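What follows is a single structure, written as structure tokens, with notes after it.
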Amino acid sequence: MSMINVSQLTFAYEGSYDNIFEEVSFHIDTDWKLGFCGRNGRGKTTFLNLLMGKFEYNGLISASVDFEYFPFVVEDESAEVLSVLTGIVPDAPLWQLEKELSKLSVDLEVLERPYATLSGGERTKVLLAALFLRENSFLLINEPTTHLDSAGRETVARYLKSKGGFILVSHDRDFLDECIDHVLSINKANIEVQVGNFSSWLHNKQLRDNFEIAENERLKKDISRLQASAKRTATWSDKAEKRKIGFDPVKVEKSTGSRAYQGEKSRKMMARSKAIIERRERSVQEKSALMKNIDTADKLKIHPLEYHASRLIELSDICITYNGREITKDISFTLHQGERLAITGGNGTGKSSIIKAVTCATDNADFMQTKPSVHLEASNSVTASEKIPYTGSIYIASRLKISYVPQDASFLTGGLTNYAKTRQIDESLFKAILRKLDFSRVQFEKDMRGYSSGQKKKVLLAASLCEKAHVYIWDEPLNYIDVLSRIQIEELLQEYKPTMLFIEHDRAFCRNVATKTITL
């Protein structure tokens, strides 16, 4: 057992408005299975890069292990997989590589294939197998679920559970619960480490937040009461002081000892007033220390439109073929008003192709496209790159308004104001939604190219939420989105019940949101 110690860590990017980390201190055990949680843009990936020594920083990071970063960069993707793996772990015998790959349900024939031909899920598995074979290494695993379908996530979660010595950045609640034993969380005011999985961390956070909110209300009442009491006591003290100073014992007093009494009374009243003021100041200090780590998750709103008929979209015997290879066959389903239909299935089964085919078949529909360069106003005005060849029939209700969120958000550049104008959405509403999704006002002034992947995806979702539509079509909307924002979006969809067609591998989200599921 050894420790990774972080002491007084302070870091900011060059030209940045503020520090990402400021005098942060904590330590972790290199045997832990550590889940790394925090809102988008809080610095999770940045911290992993600091551990890798990629940036200069103030403070101290000390460790007796070597850090290995996932995803590992493969320089020559034309090389065979076996050659790539032996380059990562040259001393590992073949039987050991095969054993690790078998644990990850990887067909051993991939060892003889060029690395470039592997799917995203296969690359994730083979690289994890190799990196865990490196001796004296501590893995920094950043978003391994991005290219994994539901079955792949279950397999990788079981594999990670059998290992130790890693930090895992993931926003999939079920995935985290299955494979971690500690949580490292970046909060608004600090970084903390807790024993347990994600669910226990979230439960503890909710208990702490509720306690701080209740304590804050109590202190506000206490401060108000003390303010009123101090004011009354100060008034009494002033009156007693005036009587003491202006008292004439010859004309009025029958007893010459009364002056001493009035002086003592004035002294006690002043002392009491001072004590009340000090108590009030302590209460103010206690109150200011509360609620610093409460991540506000204000409720979101959506404005779905009602359609005059129940049937909105219908697919009948859809077959999609790429380069002579059949991707999907005989896909049929109907989307009725009020339904939230999830398309699930393994990687490569044609889920996104089905969604794109639907967005192409927009005859007599108003299609609101999240990608500004492909904004669609009516049918058949899709760019060639977006067209999906298919056989079968797709019915889209007449004049149906569709809001679409694509899987990829990397195209986003420029400022939010210009983006809102291009999308023809209300800028104030757009930015208000982003604020509720934990965007700081400082982020509004930045170019979107500098946003994290999660922040870019939030921009696409916020734009979609601004649109009034009959159907919301979202292709893997939660990629890179932090857990608290996922919960916000879940609660929104459960409350407003918009009609949706979506693809998502987050099992918890699908359980909580979908009213119907189609598995390819």
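This is a predicted model, so every value here is computed, not measured. Note that these values count all heavy atoms, side chains included, but never hydrogens, waters or copies made by symmetry.
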> Who pairs with Arg123 by salt bridge (Lys or Arg N to Asp or Glu O under 4.0 Å), at least two apart in sequence or on another chain?
Replying inline: Glu77

> In terms of ring plane angle, is the pair Tyr13 and Phe55 parallel, tilted or perpendicular, where the classes change at 30° and 60°?
Replying inline: perpendicular

Does [X] use its side chain to pair, donor to acceptor, with the backbone of [Y] at less than 3.5 Å?
{"X": "Gln194", "Y": "His182", "value": "no"}
{"X": "Ser170", "Y": "Asp172", "value": "yes"}
{"X": "Thr422", "Y": "Asn418", "value": "yes"}
{"X": "Ser200", "Y": "Gly196", "value": "no"}
{"X": "Asn479", "Y": "Thr146", "value": "no"}
{"X": "Lys329", "Y": "Ile320", "value": "no"}
{"X": "Thr86", "Y": "Leu82", "value": "yes"}
{"X": "Asp66", "Y": "Ser137", "value": "no"}
{"X": "Gln488", "Y": "Lys436", "value": "yes"}
{"X": "Gln455", "Y": "Ser452", "value": "yes"}

State whether [X] and [Y] are salt-bridged, where the test is any N-O pair (Lys NZ or Arg NE/NH1/NH2 against Asp/Glu carboxylate O) under 4.0 Å.
{"X": "Asp149", "Y": "Lys351", "result": "no"}
{"X": "Arg153", "Y": "Glu178", "result": "no"}
{"X": "Glu192", "Y": "Arg208", "result": "yes"}
{"X": "Lys161", "Y": "Asp177", "result": "no"}
{"X": "Glu100", "Y": "Lys125", "result": "no"}
{"X": "Arg507", "Y": "Glu154", "result": "yes"}
{"X": "Glu490", "Y": "Arg173", "result": "yes"}

> For the ring pair Phe198 and Phe175, is the centre-to-centre distance below 6.0 Å?
Replying inline: no

>> Aromatic contact between Phe132 and Phe138, with the criterion being ring centroids under 6.0 Å apart: yes or no?
In response: no

[atom2] on [Y] to [atom1] on [X], rounded to 0.5 Å:
{"X": "Arg340", "Y": "Leu335", "atom1": "CZ", "atom2": "CG", "value": "11.0 Å"}
{"X": "Ile167", "Y": "Lys44", "atom1": "CD1", "atom2": "NZ", "value": "12.5 Å"}
{"X": "Glu504", "Y": "Thr344", "atom1": "CD", "atom2": "OG1", "value": "11.5 Å"}
{"X": "Leu108", "Y": "Leu94", "atom1": "CG", "atom2": "CG", "value": "8.5 Å"}

Examine the side chains of [X] and [Y] and answer whether a donor and an acceptor come within less than 3.5 Å of each other.
{"X": "Tyr419", "Y": "Thr413", "value": "no"}
{"X": "Thr45", "Y": "Asn142", "value": "yes"}
{"X": "His147", "Y": "Glu122", "value": "no"}
{"X": "Ser403", "Y": "Ser464", "value": "yes"}

> Under the 6.0 Å and 45° cation-pi test, does Arg486 pair with Phe509?
Replying inline: no

> Are Lys54 and Tyr69 in a cation-pi contact, defined as NZ or CZ under 6.0 Å from the six-membered ring centre and within 45° of the axis?
Replying inline: yes

> Could you walk me through whether Arg42 and Asp438 pass the salt bridge (Lys or Arg N to Asp or Glu O under 4.0 Å) check?
Replying inline: CA-CA 10 Å; Arg42 289 276 173 86; Asp438 198 49; 3.4 Å; yes

Does [atom1] belonging to [X] count more than 12 external heavy atoms closer than 6.0 Å?
{"X": "Glu109", "atom1": "CD", "result": "yes"}
{"X": "Lys516", "atom1": "NZ", "result": "yes"}
{"X": "Lys163", "atom1": "NZ", "result": "yes"}

>> Evaluate Thr46 against Asn49 for side chain to side chain donor-acceptor pair (under 3.5 Å), listing each step before the verdict.
In response: CA-CA 5 Å; Thr46 299; Asn49 285 324; 5.7 Å; no

> Are Leu341 and Thr517 side-chain neighbours, meaning at least one heavy-atom pair lies under 4.5 Å?
Replying inline: no

> Are any of the side-chain heavy atoms of Leu501 and Tyr472 separated by less than 4.5 Å?
Replying inline: no

>> Run the side-chain contact (heavy atoms from CB on, under 4.5 Å) test on Phe26 and Asn5 for me, step by step, so that the C-alpha distance in whole Å, both residues' side-chain angles and the decisive distance to 0.1 Å come before the verdict.
In response: CA-CA 6 Å; Phe26 61 92; Asn5 294 300; over 6 Å; no

>> Go through it in stages, so that I can follow the logic: the residues are Phe11 and Asn58, the test is side-chain contact (heavy atoms from CB on, under 4.5 Å), and I'd like the CA-CA distance, side-chain angles, deciding distance and then a yes or no.
In response: CA-CA 6 Å; Phe11 174 77; Asn58 293 322; over 6 Å; no

>> Quick check on side-chain contact (heavy atoms from CB on, under 4.5 Å): which of Leu97, Val126, Val84, Leu101 does Leu111 satisfy it with?
In response: Leu101

>> Working note: Thr334 + Glu314, criterion side chain to side chain donor-acceptor pair (under 3.5 Å); need CA distance, chi angles, decisive distance, verdict.
In response: CA-CA 4 Å; Thr334 302; Glu314 185 172 36; 3.1 Å; yes

> Stepwise, does the side chain to side chain donor-acceptor pair (under 3.5 Å) test hold for Asp475 with Ser352?
Replying inline: CA-CA 7 Å; Asp475 190 352; Ser352 290; 2.9 Å; yes

>> Pair Asn197, Ser199 - check side chain to side chain donor-acceptor pair (under 3.5 Å), show working.
In response: CA-CA 6 Å; Asn197 60 17; Ser199 291; 4.6 Å; no

